[in-house]
Amino acid sequence: MPIALAACKKGWDVLELSGLTMGTSYSIVAVDHSRSVDKAELARAVDASLIRVNTQMSNWDAASEISRFNASTGAEPFAVSPELAEVMLAAQEVNTESDGRFDVTVGPLIDLWGFGARTGSDLPSDAQIADALACCGQSQTLHVSDRSLQKTRPEAEVYLSAIGKGFGVDQVARTLAGFGLTDYMVEIGGDLYTAGRNPDGQPWQIGIESPEAFDRGVMQVVGVSGLGMATSGDYRNFFERDGKRYSHIIDATTGRPVTHHTASVTVLTENAMMADAWATALLAVGTKRGLEIANDREMAVLFVDRSGEAGQIGHVTAASERFKALQA
């Protein structure tokens, strides 16, 4: 998870807002150079923006757009808002370019492995995995357009936890920009977007968390401005059985938890929505193939792998060319 580092206040107003949304917390820091923004009015606008995102994309709200689509069983196009269409088209792009590893329909597999609604100590059988896989597959079960979603399999369901928070960050950022603010940081559950400079006049200083289950200190600090940023890791949600580690990151092509040694992936890209999605996608892909994708797309990405040869540190890093250039 990215960690925002505090900065000292100067002679202008620094607006700070925080609260709960999307099952997690959010925080906002904005520099009001003109001292003209009404904080209460800004807070109301931010809340309205977040409420709108939830009514479109929350899987926990039975009345949301995505929940109503999931509940439908017909094959006809289901009209959606421009915002939900934007997210689904982005998810489709990432699915294609990640070799199918990013997939918003893998909810049945997540539940089957005990990381969702299902609980239990037994590992799923090959037959159970095959049955769950038959219900999944973004490119096989859905058709996405800029106006509608359409099921090609009636049991298909969409879960937006790996892209929705990032979109929420971007929507809040647009709200701040609408108030004339140019220097701000928006963070929801570790996904963030920054614009301009922090109150010290520097790029926003963001700490990348060390991927250790019980020691989550800051591993590296990066300067971020005009970019979305997200980190995905397997160290928060996993279990071990008979000496084997099972991550909550499911390979959508096999129906099983990933088996590579990549522990976390941090992505900096044009907005928080794409950073959110690509962090999950590249963690599923792993460092070797992930670096190829990141360099082909000119994305700034930092991979952290577990290593038994790294002494007490326990991990090694690999950075894309764009990440190296941004931090040079």
Side-chain angles (χ1 to χ4, degrees), residues 1-4 16-30 42-71 80-91 94 102-107 110-111 115-117 149 157-178 184-195 206 209 227-234 236-237 248-250 264-267 269 271-281 283:
M1 170 188 275
I3 303 168
E16 299 184 54
L17 300 173
S18 61
L20 300 175
T21 188
M22 301 182 188
T24 186
S25 62
Y26 74 85
S27 62
I28 298 166
V29 180
L42 179 65
R44 287 191 293 270
V46 167
D47 286 343
S49 178
L50 291 170
I51 289 170
R52 178 168 173 77
V53 173
N54 274 291
T55 61
Q56 294 164 335
M57 302 178 200
S58 172
N59 288 110
W60 306 107
D61 180 357
S64 71
E65 276 191 79
I66 202 61
S67 292
R68 288 186 285 110
F69 172 73
N70 286 346
V80 297
S81 63
E83 292 89 346
L84 181 54
E86 179 185 350
V87 169
M88 289 301 300
L89 287 168
V94 178
F102 180 86
D103 195 311
V104 297
T105 68
V106 295
I110 292 172
D111 286 346
F115 295 110
L149 304 179
E157 295 187 354
V158 172
Y159 294 87
L160 297 174
S161 58
I163 192 170
K165 281 195 312 216
F167 182 76
V169 169
D170 293 332
Q171 292 298 91
V172 172
R174 290 167 188 165
T175 297
L176 299 183
Y184 55 80
M185 182 200 69
V186 179
E187 178 265 337
I188 299 178
D191 298 343
L192 59 89
Y193 181 85
T194 70
I206 310 298
E209 194 174 58
L227 292 170
M229 180 175 174
T231 295
S232 185
D234 73 350
R236 291 178 176 274
N237 197 0
H248 77 289
I249 302 298
I250 305 296
S264 74
V265 177
T266 296
V267 176
T269 191
N271 56 49
M273 175 183 68
M274 294 304 280
D276 191 8
W278 272 115
T280 299
L283 182 58

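Bear in mind the structure is a predicted one, so any value in this text is a computation, not a measurement.
Within the 3.5 Å criterion, the main-chain N or O of Ser81 finds no donor-acceptor partner in the side chain of Gln56. Of the possible donor and acceptor atoms, one in the side chain of Asn59 sits under 3.5 Å from a partner among the backbone N and O of Leu160.
In summary, the side chains of Thr231 and Glu209 do not present any donor paired with an acceptor at a separation below 3.5 Å, with no hydrogens or angles considered.
Taking the side-chain contact (heavy atoms from CB on, under 4.5 Å) definition, one finds that Ala85 meets it with Val80, sequence neighbours left out. Asp47 meets the side-chain contact (heavy atoms from CB on, under 4.5 Å) test with Tyr26; sequence neighbours excluded. Residues satisfying the salt bridge (charged side-chain N to carboxylate O under 4.0 Å, His left out) criterion with Asp103, sequence neighbours excluded, are absent altogether. Applying the side-chain contact (heavy atoms from CB on, under 4.5 Å) test to Thr280 and every residue at least two apart in sequence or in another chain returns Phe102, Ala162, Ser232. Residues satisfying the side-chain hydrogen bond (donor to acceptor under 3.5 Å, both in side chains) test with Ser161, not counting sequence neighbours, are none. Residues that satisfy the side-chain hydrogen bond (donor to acceptor under 3.5 Å, both in side chains) test with Arg68, not counting sequence neighbours, are absent from this structure. In this structure, Thr55 has no side-chain hydrogen bond (donor to acceptor under 3.5 Å, both in side chains) partners at least two apart in sequence or on a different chain. A search for salt bridge (charged side-chain N to carboxylate O under 4.0 Å, His left out) contacts involving Arg174 returns Glu86, not counting sequence neighbours. Under the side-chain contact (heavy atoms from CB on, under 4.5 Å) criterion, Ser49 pairs with Gln171, Val172, Thr175, not counting sequence neighbours. Annotation: side-chain hydrogen bond (donor to acceptor under 3.5 Å, both in side chains) contacts of Asn271 (sequence neighbours excluded): none. Every residue was checked against the salt bridge (charged side-chain N to carboxylate O under 4.0 Å, His left out) condition with Arg44, not counting sequence neighbours, and none meets it.
The minimum heavy-atom distance linking Val169 with Glu187 is given by the pair CG2-C, 4.5 Å. Nearest heavy-atom pair across Val94 and Met274 is CG2-CE, 3.8 Å. In terms of heavy-atom proximity, Met88 sits nearest to Val104 at CE-CG2, 4.1 Å. Annotation for Asp170 and Ala272: closest pair OD1-N, 2.9 Å, computed over non-hydrogen atoms. Residue Ser67 comes nearest to Ser58 through the heavy atom pair OG-O, 3.1 Å, listed as atom of the first residue, atom of the second, then distance. Considering every non-hydrogen atom in both Asn70 and Val158, the closest pair reads OD1-N, 2.7 Å.
Taking the six-membered ring where tryptophan is involved, the planes of His248 and Phe115 are perpendicular, since the angle between them exceeds 60° and thus also 30°.
Side chains of Thr194 and Met229 form no contact here, defined as non-hydrogen atoms less than 4.5 Å apart. Between Met185 and Ile206, some side-chain heavy-atom pair lies under the 4.5 Å cut-off. No side-chain heavy atom of Ile163 sits less than 4.5 Å from a side-chain heavy atom of Met57.
Taking NZ of Lys165 as the reference point, atom OG1 of Thr21 lies at 11.0 Å (rounded to 0.5 Å). Taking OH of Tyr184 as the reference point, atom CG of Leu42 lies at 11.0 Å (rounded to 0.5 Å). Atom CZ of Phe167 and atom CG of Asp191 lie 13.5 Å apart (nearest 0.5 Å). Interatomic distance, Ile66 CD1 to Leu84 CG, rounded to the nearest 0.5 Å: 5.0 Å. For the atom pair CG (Leu192) and CD1 (Ile28), the distance works out to 12.0 Å, reported to the nearest 0.5 Å. Here OG1 of Thr269 is found 10.5 Å from OH of Tyr193. Values are rounded to the nearest 0.5 Å.
Listed by first and then second residue, the salt bridge (charged side-chain N to carboxylate O under 4.0 Å, His left out) pairs involving residues 18-27 amount to none (not counting sequence neighbours).
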